[in-house]
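Scroll down for the structure; my scribbles are underneath it.
Convention: sequence-line order gives letters A, B, ...; per-chain numbering from 1. Owing to the predicted nature of the structure, the values given are computational and were not obtained by experimental measurement.
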Amino acid sequence: MAGLAAAFGSGAMTNPISDIEKSDVILITGSNTTENHPVLSTYIKRVASFTDTKLIVVDPRRIPITRFATIWMRQTLGTDVAWINGMMHIIIKEGLYDREYVEFRTEGFEELRATVEQYTPERVEKITGIPKDQLVEAAHLYAQANAASIFYAMGITQHITGTDNVKSLANLAMLCGNVGIEGGGVNPLRGQNNVQGACDMGGLPNVYTGYQKIDDPSVRNRMEKAWGVEKLPDKVGATVTGMMQMAHSGDLKALYIIGENPMVSDPDLNHAEDAIKNLDFLVVQDIFLTETARMANVVLPSAAFAEKDGTFTNTERKVQRVRRAVKPPGDAREDWKIISDLADKMGYPMRYGNARDIMREIAEVTPSYHGITYDRIEVDGIYWPCLSMDHPGTPRLHEEQFSRGLGLFHAVEYIPPDELPDSEYPLYLTTGRILYHYHTGTMTMKSEGLNALAPECFVEISQEDALYYKIKDNDMLNVASRRGSIKARAKISSQAQKGAIFIPFHYAEAAANRLTNAALDPVAKIPEYKVCAVRIEKI
Amino acid sequence: MEPQNIININGIDYSFTPGETILEVATRNDIYIPTLCYLKGMSPTGVCRICLVEVEGVKTLLASCSTQATPGMVVKTDTPAVINARRMNIELLLASGDHNCLARSLDAGLWTDFQLDALDIEEHRDLCPAYGDCRLQDLAILYRVKPDHVVPVNPKYDVEDVNPFIVRDFSRCILCGRCVQVCNEIQVNKVISFGYRGATSKIITRGDRALKDSDCVFCGECLQVCPVGALMPKQDMALRTPVNEMKKVRTTCSYCGVGCQIYLHVKDNRIERVTGVEGTSPNLGSLCVKGRFGYDFVAHPERLTTPLIKKDGEFHEATWDEALDLVAKRMNDIKRDFGPDSIGLFTSARITNEENYLAQKFIRAVIGTNNIDHCARL
Ligand code: SF4
Ligand code: SF4
């Protein structure tokens with residue numbers, strides 16, 4: 001997100017999902033699309049199967065979408081900047097880039113050119129393991145398309161170089177004039193249903209709704225008036241990882257957690273556990289007694305999505321209605337009700353009759369949601385920015401100009417992952433999701449059917465490595481990193497890359513995040529979930 | 001308008017664009033032609049022969065879904081010949097398998113009562129679970145088909161119910177091919193196809209294995225388009241709630257960021273089925289296994305139903321007032337003693353926009369800190 005915002009001025013998906021049908025070339029990287037965004041992947045599978053659209057997939061694992069790819073490049077984990085720079089090297093050298101676009105709509109090209117100069121196909125092959133001819137072929141395919149789009153997900157962002165990776169993808173897209181056009185764009189796929197909305201609504205330490213900066217005095221003044229408070233804090237707050245560290249050191253005393261389960265999702269769980277134990281007061285608001293809720297002083301029961309009215313904003317920035325279909329069980333209440341009741345008790349009255357009232361206030365204080373009302377999205381959602389009641393919404397960003405004016409190229413150098421395999425921990429570990437489960441499993445593991453299809457954690461390992469370690473399918477393995485160890489069964493699979501194992505992170509009893517490295521991307525503060533070093537042994 | 005691009009349906013002229021089928025022109029002009037295998041937006045297969053129409057100068061009846069309109073064509077959609085042919089084809093389809101839903105000796109007008117009774121009676125457990133939600137049954141009723149002379153056939157195949165979600169009963173399959181089309185052309189999972197030949201024709205996975213042993217990903221697209229009782233959600237088999245007793249509520253899927261539009265089918269405060277909303281983006285009716293089948297958690301017995309307060313390491317049930325008073329007091333105390341920056345809030349990518357808005361308003365306006373974030377930064 002930070003990467004895209006720096007390049008374009010806005011961090012969200014640039015194009016609507018339906019634009020997939022308008023692309024000539026689609027490049028997917030760091031996204032196991034068929035398992036994590038299944039319905040979106042059907043668009044891609046359709047165009048790749050039944051039209052002339054070509055698909056480039058760059059991923060270390062033989063994920064199902066590779067079957068639809070014209071070119072599948074298998075990079076070594078954590079070397080994304082290198083192959084992207086390599087593609088740009090070829091495109092610039094052969095004069096295949098969009099000169100007019102680069103001249104009139106962007107800045108910073110000379111620095112970019114100087115940097116990627118060093119990334120010859122030969123050097124990139126050494127770093128990434130991608131054969132140079134294949135890289136050239138992919139560069140040609142991408143550069144020669146009329147409209148080429150890029151899709152990426154957490155396989156790109158969950159690295160210490162996550163922001164750099166995203167900036168590099170933005171560079172590539174701008175270089176070929178692919179941003180702000182139909183069928184083009186750089187499109188981050190959001191993992192959870194309302195990540196986009198949580199960000200849009202200011203669930204971040206540095207912005208109010210609609211990415212209005214908290215350290216801009218005029219914005220702050222406006223919010224102070226709207227909310228009827230004397231003075232709002234002007235210091236940027238702490239991130240999740242920052243708060244965990246503050247809890248560890250005793251600077252954070254109380255934590256209020258709504259609908260999250262960091263005791264499974266946090267990188268370096270052992271550290272997180274100590275941090276949470278160190279708090280004076282923990283409140284957890286959720287629909288189940290999660291691993292995190294068990295540690296709370298007070299647990300507040302909330303309503304599930306089917307029990308409330310409201311809106312979610314999907315990965316393409318479309319604000320869509322959520323409607324109540326059933327009543328919550330027992331005394332459970334909608335989260336908005338709980339928060340406003342608590343605010344009342346703390347001497348700040350929040351009186352809303354329903355979710356619609358709250359949306360009215362959101363629209364009032366948020367320029368990009370200004371024209372959004374429940375009436376307007378009754379049948380079909382609206383893409384923000386939607387600036388007024390007669391504004392139709394914005395399916396495609398940056399069409400005339402970038403949100404920040406000119407698109408900014410960032411010259412980015414390749415930096416290896418924080419932790420590389422060595423003699424003690426000789427294998428790469430990467431983590432992710434599987435089709436049948438979702439995040440920490442709070443919801444999916446309550447489904448007998450989904451559990452039956454994916455009952456337990458596994459370690460995906462290549463044929464070659466299995467042979468080397470004399471491991472058979474279903475053998476119980478101990479997997480250890482510098483931070484901890486877990487046990488899970490082996491699953492020998494042609495999906496896995498030699499030298500790298502994969503473990504889904506959903507399972508609390510074999511939490512992959514006991515192993516992962518909490519090293520952070522310095523800008524986006526996203527942990528390096530996607531690469532660390534481990535060793536395995538049969539038990 | 002090109003004068004030659006005119007077609008006459010039931011005595012009235014309509015214009016068409018070259019390439020349009022008779023069915024498309026008719027549907028566009030609100031002329032009803034019944035269909036069964038036809039799927040909007042897909043290449044027509046023309047196998048069910050229900051959408052037959054009469055075209056002047058053509059001896060045989062033509063399937064309107066796969067016949068393109070041509071200039072000067074004169075079409076009749078409801079002549080006795082057409083109706084007879086449709087009725088006969090419906091009869092043939094009924095006779096082709098285990099379609100035991102029709103009370104063979106009962107008058108058509110009584111079918112609704114029968115339907116309701118039948119659902120309550122234990123010995124009617126074998127009644128087709130699609131009862132009341134079946135395109136073939138609808139057509140049989142519409143065309144007053146009385147299959148008295150049709151000898152009921154015994155089920156040809158065993159029911160396959162070894163996977164958690166989809167029950168396949170090929171004794172009720174009419175081989176319309178809709179499931180094959182959507183699996184291959186919409187979801188592109190390429191799991192099922194027509195297998196064998198002639199009388200033994202059947203929809204099969206590779207090697208005719210059970211779905212759970214195939215590449216099936218349980219998206220349930222096939223289920224949603226099956227017009228009869230051959231593919232049924234397993235939950236429906238157990239619950240057997242008549243469709244007209246369920247309330248349909250449209251909402252947004254709560255799993256991934258695609259934000260598929262779904263209908264929750266609800267009875268007695270319980271979700272009994274989920275289907276995709278057709279014709280609306282982003283999903284155009286499609287769903288994945290989580291969105292379609294992963295709703296058990298909502299009514300799960302382990303749901304939290306009351307606030308809990310921990311005393312001496314044990315949780316005790318509390319009222320809202322007790323719990324919120326305690327939270328308010330502790331927060332106020334900590335804020336007074338250590339300052340607002342000693343308090344933090346993790347908001348969530350799973351709750352609504354409205355709730356996220358209030359969460360950040362709470363931490364900023366009430367507590368007075370910007371310590372807010374959520375766990376799913378991307
Ligand atoms: S559930 Fe989906 S993948 Fe499986 S057979 Fe049906 S359409 Fe194909
Ligand atoms: S149905 Fe599947 S693809 Fe659609 S939003 Fe839900 S989880 Fe995502």
Is the side chain of N269(B) donor-acceptor paired with the backbone N or O of K327(A) at a distance under 3.5 Å, no angle test?
yes
Against chain A, label Y295(B) side chain, backbone, both or neither, depending on which of its atoms sit under 4.5 Å from a heavy atom there.
neither
Which bit of I334(B) comes within less than 4.5 Å of chain A, counting heavy atoms only: side chain, backbone, both or neither?
side chain
Based on non-hydrogen pairs under 4.5 Å, which of R294(A), Q285(A), E35(A), M223(A) is most in contact with chain B?
R294(A)
For residues P282(B) and Q320(A), determine if any side-chain heavy atom of one lies less than 4.5 Å from a side-chain heavy atom of the other.
yes
Would you say V327(B) and K345(A) make side-chain contact, with heavy atoms under 4.5 Å?
no
Between V249(B) and chain A, with a heavy-atom cut-off of 4.5 Å, which part of the residue counts as in contact: side chain, backbone, both or neither?
side chain
Looking at N314(A) and V258(B), would you say the former's side chain and the latter's main chain have a donor-acceptor pair under 3.5 Å?
yes
With the side chain counted from C-beta on, respond yes when T42(A) and E221(B) share a heavy-atom pair under 4.5 Å apart, and no when they do not.
no
I'd like to know which of D286(A), T34(A), T366(A), N36(A) tops the heavy-atom pair count under 4.5 Å against chain B.
D286(A)
Assess whether a salt bridge exists between D335(A) and R350(B), defined as any Lys/Arg side-chain N lying under 4.0 Å from an Asp/Glu carboxylate O.
no
List the atom of L255(A), the atom of L345(B), and the distance in Å for their closest heavy-atom pair.
CD1-N, 4.0 Å
Salt bridge K308(A)-E354(B), side-chain N to carboxylate O under 4.0 Å
no
Tell me which of these, V236(A), D380(A), N451(A), V379(A), has more heavy-atom pairs under 4.5 Å with chain B than the rest.
V379(A)
Please name the pair of heavy atoms, one in V217(B) and one in Y436(A), separated by the smallest distance, quoted to 0.1 Å.
CA-OH, 3.7 Å
Non-hydrogen atoms of chain B under 4.5 Å away: do they reach the side chain of R433(A), the backbone, both or neither?
neither
Looking at every heavy atom in both Q187(B) and K45(A), which two are closest together, and how far apart are they?
O-NZ, 2.9 Å
If every non-hydrogen atom of M331(B) is compared with every non-hydrogen atom of V283(A), which pair is closest and at what distance?
CE-CG2, 4.2 Å
Selection from Y208(A), Y43(A), F288(A) maximising heavy-atom pairs under 4.5 Å formed with chain B
F288(A)
Is Q235(B) close to chain A through its backbone or its side chain, or both, or neither, when contacts mean heavy atoms under 4.5 Å?
neither
Between N193(A) and T252(B), is any side-chain donor less than 3.5 angstrom from a side-chain acceptor?
no
For T311(A), is there any backbone N or O sitting under 3.5 Å from a side-chain donor or acceptor partner on T352(B)?
no
Between K247(B) and chain A, which part of the residue has a heavy atom less than 4.5 Å away: side chain, backbone, both or neither?
side chain
Is the shortest side-chain N to carboxylate O distance from D337(B) to K253(A) below 4.0 Å?
no
For the pair K234(B) and E448(A), find out whether any cationic side-chain nitrogen is under 4.0 Å from an anionic carboxylate oxygen.
no
Out of M246(A), K318(A), Q196(A), which one racks up the most heavy-atom pairs below 4.5 Å with chain B?
K318(A)
Y357(B) versus chain A, heavy atoms under 4.5 Å apart: side chain, backbone, both or neither?
both
Counting only non-hydrogen atoms closer than 4.5 Å, does A452(A) touch chain B with its backbone (N, CA, C, O), its side chain (CB onward), both, or neither?
side chain
Which pair of non-hydrogen atoms, one from C288(B) and one from V39(A), has the smallest distance, and what is that distance?
N-CG2, 3.8 Å
Test item: side-chain donor near acceptor, N206(A) and N370(B), under 3.5 Å
no
Note, W320(B) side chain near L300(A) side chain (heavy atom, < 4.5 Å):
yes
Relative to chain B, which segment of Y256(A) carries a heavy atom at a distance below 4.5 Å: side chain, backbone, both, or neither?
both
Could you tell me which portion of L252(A) (side chain, backbone, both or neither) has an atom closer than 4.5 angstrom to a non-hydrogen atom of chain B?
both
When you compare the side chains of K190(B) and S49(A), does any donor N or O come within less than 3.5 Å of an acceptor on the partner?
no
Side-chain heavy-atom pair F305(A), V298(B) within 4.5 angstrom cut-off
yes
The interface call for K337(A) against chain B, heavy-atom contacts under 4.5 Å, is neither
Could you look at D200(A) and say if it's the side chain, the backbone, both or neither that has a heavy atom under 4.5 Å from chain B?
neither
Between L324(B) and R333(A), which heavy-atom pair has the shortest distance, and what is it?
CD1-NH1, 4.4 Å
Contact leader toward chain B among G259(A), P38(A), A48(A), G197(A), where contacts are heavy-atom pairs under 4.5 Å
G259(A)
Measure the shortest side-chain to side-chain distance between S340(A) and L358(B) over non-hydrogen atoms and say whether it is less than 4.5 angstrom.
yes
Select one option (side chain, backbone, both, neither) describing which atoms of A293(A) are under 4.5 Å from chain B's heavy atoms.
backbone
Any donor-acceptor N/O pair, R303(B) side chain to S302(A) backbone, under 3.5 Å:
yes
